[in-house]
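Only one structure is covered here, and it is reproduced in the block below.
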There are 2 protein chains.
Amino acid sequence: MRSREAILAQAVGLASVEGLEGLSLGKLATATGTSKSGFFAHWRDKEQLQLDAIEWAVRQWTEQVVAPALRAPAGVRRLFALHESRLRFYRQGVLPGRCFFFTVQTEFDDRPGPVRDRVAQAMGDWQTFIRRLVAEAKARGELLDGVDDAQLAYEVDALGERVISHIRLYDGPVVLVHARRAVLQRLRALCPDPTLLPED
Amino acid sequence: MRSREAILAQAVGLASVEGLEGLSLGKLATATGTSKSGFFAHWRDKEQLQLDAIEWAVRQWTEQVVAPALRAPAGVRRLFALHESRLRFYRQGVLPGRCFFFTVQTEFDDRPGPVRDRVAQAMGDWQTFIRRLVAEAKARGELLDGVDDAQLAYEVDALGERVISHIRLYDGPVVLVHARRAVLQRLRALCPDPTLLPED
DNA sequence: TACATTAACGACCGATCGTTTGTATATATG
DNA sequence: CATATATACAAACGATCGGTCGTTAATGTA
């Protein structure tokens, strides 16, 4: 059998394009070279496979987006590094649909059940993480005291997320420049020390 | 028969939640009180109904979001009015899924065909429209000359669009405050005349 | 060799999908 | 009144879906 991990990797890739529900077991079977019924030896039903795929995607996001940002010095530089790390993940096309969570969250946000709950928790964790980086930067005096944590976290997230739709519907790379500069200029306007961030 | 318009209105509402493909003819039939096969007297196939639904949604968006903004004075005030008009559309819950185009564009952005082409064109028109308002504001000296039209248009759009996911996955109204303040602060920072925009 | 266990499979099930077909009804026209 | 046309319908079709079942092949153990 193809290893469980390889199947999940395929599932996350396909789901980043078609969604977790649009991903049919038949397509996943032929894509991984196995049979449809072979899945049920590893997963109770489709929902369990969806939940495991989410877990796999969370791990991938943590390793490839969050971890690199944590190697930057704490403060506003780390916050901007997180934004750039995310844009790099999109630019490199790690997933064929660019972002698993973007596709899945719009698919399940009004479909109650365990899958939606898990997605909501993952997105909440992400938002909380950005907010914590903002708070850290503020505590180090690298952002003006008046900054609202949740407010700035929303802006950073929004300016990064919209990249997906643009990159898929229009051309591509130019929107990455816009997304990068938007956050950079915003942070520079709030940061007392202009040497901490690149000029452009 | 229920009028063609009423069916399209229902279709747009349902598609704002489930998507245009997830919207099944059977559900649409029972939701409108007609029979499944009755549709084929009005629409050749499902794709034609999808295209007409898009047309209906474009008209709704033009009337309820674009038109009110055009009643504001040209320049930076009109640009901000467009943002607020969009947020009002979301806050009032005109559509059960909040935004038809958000759902549909993530559904079709990598599924080639006439539906995708029409969606891409509508989104392109929207982006072009925002860019034109930015250019107008600049021409009137209400925005700094250094402002890049496409750059600022991207920011305004991104900060408005992310509202949808947040409002559906977490609580609700607070994200509308974030979205409004994000654009307001950004525009105030670029506008030489501080009296043109509200303080908060 | 004999036997238990496991992984993977082909075949099939009921449900739902978009679509086609034939038909009943209502309206308009001569 | 007779007839033609438009409108909506129920019923059924083939395809595809998630899921079940019984079987086969491989492996480990005695």
Side-chain angles (χ1 to χ4, degrees), chain A residues 1-56 103-104 107-108 110-119, chain B residues 1-56 97 103-104 107-108 110-116 118-119:
Chain A
M1 91 169 191
R2 302 284 291 256
S3 86
R4 214 186 97 103
E5 288 295 306
I7 291 180
L8 284 178
Q10 264 284 345
V12 169
L14 285 178
S16 75
V17 177
E18 312 260 10
L20 269 177
E21 202 67 29
L23 164 69
S24 91
L25 295 185
K27 289 177 189 169
L28 184 54
T30 57
T32 56
T34 61
S35 77
K36 210 172 51 163
S37 50
F39 284 118
F40 295 92
H42 302 277
W43 293 280
R44 182 164 17 93
D45 52 16
K46 187 180 184 180
E47 184 177 282
Q48 190 57 53
L49 185 135
Q50 290 173 329
L51 290 171
D52 286 357
I54 294 174
E55 233 53 48
W56 196 94
T103 304
V104 167
E107 190 184 10
F108 277 90
D110 27 33
R111 195 179 310 201
V115 175
R116 185 211 129 105
D117 295 345
R118 185 64 188 89
V119 170
Chain B
M1 89 168 191
R2 303 282 292 254
S3 84
R4 215 186 96 104
E5 287 297 306
I7 292 181
L8 284 177
Q10 265 283 346
V12 169
L14 285 178
S16 75
V17 177
E18 312 260 10
L20 270 177
E21 202 67 29
L23 164 68
S24 90
L25 294 185
K27 289 177 189 169
L28 184 54
T30 58
T32 56
T34 61
S35 77
K36 211 170 50 162
S37 50
F39 284 119
F40 295 90
H42 301 278
W43 293 278
R44 184 166 13 97
D45 53 15
K46 187 180 185 180
E47 185 178 280
Q48 190 57 53
L49 185 136
Q50 291 173 330
L51 289 171
D52 286 357
I54 294 174
E55 231 54 46
W56 195 95
T103 304
V104 167
E107 189 185 12
F108 277 90
D110 26 33
R111 192 179 313 200
V115 176
R116 185 212 128 104
R118 184 65 187 89
V119 170

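Below, read A as the first sequence line, B as the second, and so on, with proteins coming before strands; counting in each chain starts at 1.
The closest side-chain heavy-atom distance from B:Thr32 to B:Phe39 is below 4.5 Å. A heavy-atom distance below 4.5 Å is found between the side chains of B:Arg118 and B:Glu55. Side-chain contact between B:Val119 and B:Leu20: absent, with no pair of heavy atoms (C-beta onward) separated by less than 4.5 Å.
Straight-line distance from the CD atom of B:Glu47 to the P atom of C:dT19: 9 Å, rounded to whole Å. When the C1' atom of D:dA11 is taken as reference, atom CZ of B:Phe40 falls 14 Å away, rounded to whole Å. B:Leu25 places its CG atom 4 Å from the P atom of C:dG18, with the value rounded to the nearest Å. In this structure, A:His42 atom NE2 and C:dC9 atom P are separated by 9 Å, rounded to whole Å. The CG atom of B:Leu14 sits 13 Å away from the P atom of C:dC17 (whole-angstrom rounding). Whole-Å rounding puts the B:Phe39 CZ to D:dC9 P distance at 9 Å. Between B:Glu18 atom CD and C:dG18 atom P there is a gap of 12 Å when expressed in whole angstrom units. Following rounding to the nearest Å, A:Trp43 (CH2) and D:dG18 (P) show an atom-to-atom distance of 14 Å.
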CA sep, side-chain torsions, deciding dist, call: B:Trp43, B:Leu25, side-chain contact (heavy atoms from CB on, under 4.5 Å): CA-CA 12 Å; B:Trp43 293 278; B:Leu25 294 185; over 6 Å; no
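The residue B:Ser24 sits close only to the backbone: its heavy atoms come under 4.0 Å of sugar-phosphate atoms, none of a base. In this structure, B:Leu23 reaches the sugar-phosphate backbone alone: every heavy-atom distance under 4.0 Å involves primed, P, OP1 or OP2 atoms, never a base. Among the atoms of the strands shown, none is found under 4.0 Å from any heavy atom of A:Leu49.
A donor-acceptor contact shorter than 3.5 Å links the side chain of A:Lys46 to the backbone of A:Glu21.
The nucleotide whose nearest atom lies closest to any side-chain atom of A:Lys46 is, among C:dG10, D:dG18, C:dT20, D:dG18. Which of D:dG19, C:dC9, D:dC9 sits closest to the side chain of A:Lys36 comes down to D:dG19.
For C:dG10, the base has a donor-acceptor partner in the side chain of A:Ser37 [N/O atoms by modelled type, under 3.5 angstrom].
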